[in-house]
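So the structure is just underneath, and the comments pick up after that.
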Amino acid sequence: MSKNKLLLIDGNSVAFRAFFALHNSLSRFKNKNGLHTNAIYAFHNMFDNVMEREKPTHVLVAFDAGKTTFRHETFTEYKAGRSKTPSEFTEQMPYIRELIECLGVKHYELINYEADDIIGTLAKSVDPKEFDVIVLTGDKDLTQLADDHIRVDVTVKGVSEVESYTPSHIEEKYGLAPLQIIDMKGLAGDTSDNLPGVTGIGEKTAIKLLKEYGTVENVYQHVDEMKKSKRKENLIHDKEQALMSKELATINISAPITIQTTDLVYQGKDLDRLIPFYREMDFQSFLDKLDYPDLDIMEESLPDISYTVVDSKEDLTQGMFRPGMSFYVETLDANYHLAEIEGLCWGDEREIYVSKNPELLQNPLMIDWLQSENSQLTVYDAKSTYCLLNRQGIILKNIVFDILIGAYLLDTNDNSDDVAAIAYHYDYKTILRDEEVYGKGVKKGLPEEADSFENHLARKIGALNFLKEPLKKELTAKNQWELFWEMELPLAKVLADMEIAGIKVDSHRLEEMKVEFASRLKEIESRVYELAGEEFNLNSPKQLGVILFEKMGLPVIKKTKTGYSTAVDVLEQLKEHSPIIEEILSYRQLMKIQSTYVEGLLKVIHPTDGKVHTRYLQTLTQTGRLSSVDPNLQNIPIRLEEGRKIRQAFVPSKEGWQIFSSDYSQIELRVLAHISEDEHLRQAFIDGMDIHASTAMRVFGVETADEVTGNLRRQAKAVNFGIVYGISDYGLSQNLGISRQQAKTFIETYFDKYPGVKEYMEKAVEEAKEKGYVETLWHRRRYLPDIHARNFNVRSFAERTAINSPIQGSAADILKIAMIEMAKRLEEEKMEATMLLQVHDELVFEAPKSEIPKLEQLVKQVMEQTVTLSIPLKVDSSVGNTWYEAK
DNA sequence: CAGAAATCT
DNA sequence: TTCAAAGATTTCTGA
């Protein structure tokens with residue numbers, strides 16, 4: 001039989017270490033009730049680490065009981081003078097005890113004794129033949145316990161590192177035996193426990209004395225023999241203190257404990273308790289780590305919910321549909337343009353209906369209800385619901401609330417892509433996360449028990465019903481109802497239509513390119529291998545690093561966490577050393593075009609209509625921009641000619657049609673001019689000037705526009721970008737390849753010449769500090785908890801965000817408003833033109849050639865006039881037979 | 001599954 | 001003194 005292993009954890013000191021390990025993330029670790037959770041979280045990680053490392057058979061966490069112990073009877077000042085424990089820490093202690101119980105571990109405390117004494121007593125009382133003992137603590141005092149079967153692990157830093165004290169390690173480190181640690185404390189004292197020791201003796205001197213005399217007592221036996229010195233005087237004078245300090249530092253190994261090792265057998269985590277605990281703490285990452293081995297356990301932890309199962313479309317009756325219900329369509333694949341419908345559900349407080357049969361969507365009662373003007377539906381993700389129903393030929397009409405969008409607007413940080421996540425946030429706990437029910441990755445699928453699936457769907461409706469009122473109320477309270485009702489909800493419909501329309505891709509053109517790029521890649525590859533003198537994987541920065549910096553001996557300019565950096569800016573600097581560099585750069589560019597845009601795009605062309613249907617994520621970005629996935633149509637190449645050719649493959653869907661594109665000119669700087677009210681910036685836009693040239697004139701002191709050289713304009717452009725992003729002199733100097741000092745001067749001059757901008761920036765940071773958030777012109781909020789961070793970098797980032805988000809976000813709002821108006825006008829004008837894409841400041845349409853002049857005039861009017869700022873908005877338009885030509 | 005590299009506004 | 005420009009997605013490698 002293998003030996004037992006007993007793990008003894010010093011609860012208070014490990015918890016305290018845990019608290020400080022994540023102290024600088026204090027603001028990020030808060031649950032929905034405002035409880036700090038950093039110590040709980042870090043304690044859990046420390047526990048997991050030690051369990052993983054040691055795999056003990058028995059575990060106990062010992063705590064100090066109360067404030068006073070037998071030691072205070074000896075020395076009333078024991079542990080006095082400690083700075084007060086932060087309340088952010090003490091509030092977490094009860095939860096740490098609860099966590100320990102949930103983890104299936106016993107904890108123990110004993111009136112009048114410290115955790116040390118409990119640990120010491122247990123460690124020394126077990127039979128060394130039966131047990132190895134590991135002690136985990138944040139306090140070196142416990143190292144005195146070390147012996148051949150007891151090892152003391154002291155946390156070092158972070159959550160994973162410990163220093164293991166064995167007798168031989170202590171010998172190596174101090175030249176002492178474990179028990180002499182106590183003598184050392186006796187002589188040197190211990191500031192954290194307020195042990196006085198002997199005046200003038202620290203760790204070093206104590207060790208020296210102990211090496212000679214062995215113990216405190218023996219030091220005093222021989223103190224008279226010492227030659228006259230200040231130290232001798234101190235030793236004699238402080239004898240009482242020394243002996244008392246030693247006594248206090250000695251761990252009591254015969255505390256009257258009432259537990260035995262048989263009570264401490266480790267049983268493993270108690271999932272029934274742990275899962276609700278994680279939810280309460282908002283520990284999503286720990287929840288994710290559980291493999292959810294048993295759906296039954298999860299379900300049993302929830303109270304029952306009642307619902308009606310509808311098996312076939314014949315079973316539907318009029319009475320099942322009422323205005324004001326919630327409605328939800330379930331798919332397993334996130335791509336709703338392709339996903340199968342796995343089930344649907346709807347209901348209100350009175351009744352919830354659930355079905356696994358998508359054929360219900362063919363029943364006229366159902367169709368009429370969904371298409372009616374007065375169904376007043378609440379949904380979760382309006383856009384996906386529109387698209388899924390559209391594929392069934394149903395035009396969903398009367399959505400009045402969207403839980404997903406509502407939650408996103410209220411707090412963009414709360415990135416919930418799951419009904420349950422939002423529900424938990426509002427303390428509604430009777431629902432499981434999709435991952436818990438369906439699993440994830442390759443194992444994702446419907447639960448084996450049909451009941452589980454139906455239950456889950458019913459719970460979703462329950463959650464939607466519950467959430468709508470509090471969310472609406474909060475949106476109103478935060479002055480965001482209009483943002484929701486007039487911008488985001490109508491936009492969901494516009495986006496759905498754009499996604500459904502899709503954009504036609506000329507696959508033959510892509511196939512041609514694929515062949516051409518493949519051969520060019522091969523050529524470059526072989527040249528690189530020749531120059532390198534061997535073959536390797538050019539796609540591996542790691543292997544490339546070895547070739548460049550070890551084999552070829554090029555100078556190392558920058559390192560990454562994992563090795564040599566081979567990023568563009570590094571390679572640019574190495575160009576002179578070898579022709580291989582240019583080849584590598586072209587390879588990388590071409591490879592990107594080939595894999596992502598040529599091959600990647602070919603893969604996502606819809607088999608029946610030859611189009612690509614992206615999905616715009618409406619509730620993802622922190623600023624209010626959209627993002628685009630599957631495929632991403634917001635980063636199709638344009639800067640370099642080679643990549644730009646990809647746009648030749650984006651063509652109109654009908655014969656005789658053209659691609660039309662309009663983009664805002666300098667929208668972010670215009671927004672900045674409006675928000676900051678800086679008179680010079682505003683005047684430049686009002687006068688219709690070239691903004692970068694205008695900046696160049698003011699910042700570089702040039703009198704007339706003619707004198708602005710290309711280089712000056714380029715530099716001014718970089719400064720303008722920097723301003724929008726929340727500038728730093730370093731960033732600007734990197735960008736322009738100038739000295740930091742020079743960059744600093746540019747920035748100072750800019751602020752001098754545009755004082756309104758400077759004032760805006762200061763105000764934005766101020767506002768963030770005061771309110772905890774910043775907002776756009778349309779009250780889109782972004783919370784910035786890090787604005788108070790002690791860490792310089794973290795705080796600086798939050799400050800730049802405070803400056804940038806209202807600008808980027810307001811620009812996003814403007815385009816969203818224009819899109820909604822544009823969709824409306826196209827319909828009113830009964831035009832065939834279709835809006836296809838949005839690329840942050842650009843809208844792409846397709847239209848019959850004959851409609852183009854009218855479209856051009858309409859788009860310009862809508863984009864420039866729907867929103868009016870204190871400066872004009874300006875759009876540039878272009879048209880062509882492909883997206884390539886339209887720009 | 002994270003990191004590094006490329007792409008866009 | 002720290003360290004350094006805003007917001008995104010996709011592909012590949014290699015632990």
Side-chain angles (χ1 to χ4, degrees), chain A residues 24 288 412 440-441 536-545 558-571 584-601 603-604 614-617 620-640 642-644 646-647 663-668 672 718-736 740 743-744 747 782 789-809 811-812 815 837-842:
Chain A
N24 49 15
D288 291 345
T412 52
K440 61 174 171 180
F536 61 99
N537 188 342
L538 244 180
N539 290 322
S540 163
K542 194 179 169 196
Q543 295 181 34
L544 178 64
K558 205 166 70 178
K559 287 203 149 199
T560 64
K561 279 183 221 172
T562 47
Y564 310 108
S565 166
T566 62
V568 212
D569 55 314
V570 172
L571 294 189
I584 292 164
L585 287 168
S586 355
Y587 177 87
R588 288 237 181 109
Q589 284 168 8
L590 219 53
M591 188 63 192
K592 178 68 178 178
I593 297 169
Q594 180 77 317
S595 63
T596 305
Y597 298 107
V598 179
E599 292 171 348
L601 221 42
K603 269 184 228 158
V604 293
T614 185
R615 277 152 49 228
Y616 289 105
L617 305 187
L620 181 134
T621 69
Q622 298 293 303
T623 54
R625 275 189 177 182
L626 300 174
S627 78
S628 156
V629 294
D630 254 353
N632 179 359
L633 294 180
Q634 292 183 317
N635 71 346
I636 302 301
I638 189 165
R639 197 171 39 98
L640 300 168
E642 260 161 350
R644 188 174 196 157
I646 293 290
R647 293 177 177 233
D663 67 289
Y664 280 111
S665 148
Q666 305 300 343
I667 187 150
E668 293 191 343
L672 174 63
V719 172
N720 279 334
F721 265 91
I723 294 294
V724 171
Y725 293 157
I727 204 157
S728 78
D729 50 10
Y730 182 87
L732 184 64
S733 73
Q734 287 293 299
N735 192 299
L736 282 175
R740 218 170 122 171
K744 204 173 161 194
I747 294 166
R782 180 168 186 180
R790 300 212 217 309
N791 182 298
F792 175 87
N793 291 320
V794 175
R795 189 177 62 247
S796 301
F797 189 79
E799 287 170 359
R800 291 197 294 275
T801 308
I803 293 165
N804 172 266
S805 286
I807 302 173
Q808 193 183 109
L815 193 57
L837 304 176
Q838 189 256 40
V839 195
H840 307 308
D841 66 354
E842 175 189 10

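Numbered from 1 within each chain, the chains take letters A, B, ... in sequence-line order.
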>> Could you check whether any side-chain N or O of A/S733 sits under 3.5 Å from a backbone N or O of A/A743, counting only pairs where one atom can act as donor and the other as acceptor?
In response: no
>> So if I define the base as every atom that isn't primed, P, OP1 or OP2, how would nucleotides 2-9 of chain B read as a B/S/- string at a heavy-atom cutoff under 4.0 Å?
In response: -SSSBBSB
> So what does A/S796 touch, heavy atoms closer than 4.0 Å: a base, only the sugar-phosphate, or nothing?
Replying inline: nothing
>> I need the A/L620 CG to A/R625 CZ distance, nearest 0.5 Å.
In response: 12.5 Å
> On DNA chain C, which is the earliest and which the latest nucleotide, 5' to 3', with an atom closer than 4.0 Å to a heavy atom of chain A?
Replying inline: C/dT2 to C/dA15
>> So A/T801 and A/Q622, do their side chains get closer than 4.5 Å, heavy atoms only?
In response: no
>> Within this structure, what is the CG-CG distance for the pair A/L672 and A/N804, rounded to the nearest 0.5 Å?
In response: 10.5 Å
> Which sits closer to the 5' end of DNA chain C, A/R800 or A/N793, going by the nucleotide each is nearest to?
Replying inline: A/N793
> Which is true for A/V724 with a 4.0 Å heavy-atom rule: it touches a base, it touches only sugar-phosphate, or it touches nothing?
Replying inline: nothing
> At under 4.0 Å between heavy atoms, what does A/D663 touch on the DNA or RNA strands: base, sugar-phosphate, or nothing?
Replying inline: nothing
> Which part of the nucleic acid, if any, lies within contact of A/D729, taking any heavy atom under 4.0 Å across all strands shown: a base, the sugar-phosphate backbone alone, or nothing?
Replying inline: nothing
> Short question: side chain of A/R615, backbone of A/D630 - any donor-acceptor pair under 3.5 Å?
Replying inline: no
> Run the side chain to side chain contact (heavy atoms under 4.5 Å, CB included) check on A/V568 and A/L585 step by step: do they pass?
Replying inline: CA-CA 7 Å; A/V568 212; A/L585 287 168; 3.8 Å; yes
>> Could you tell me how far B/dT7 sits from C/dT2 if I compare only their P atoms? Round to whole Å.
In response: 32 Å
> Is atom CZ of A/F536 surrounded by more than 12 heavy atoms (other residues, nucleotides or ligands) closer than 6.0 Å?
Replying inline: yes
>> Considering every strand and a 4.0 Å limit on heavy-atom distances, what is the contact class for A/Q734: base, sugar-phosphate, or nothing?
In response: nothing
>> Using a 4.0 Å heavy-atom cut-off, does A/R740 contact any base of the nucleic acid, only the sugar-phosphate backbone, or nothing at all?
In response: base
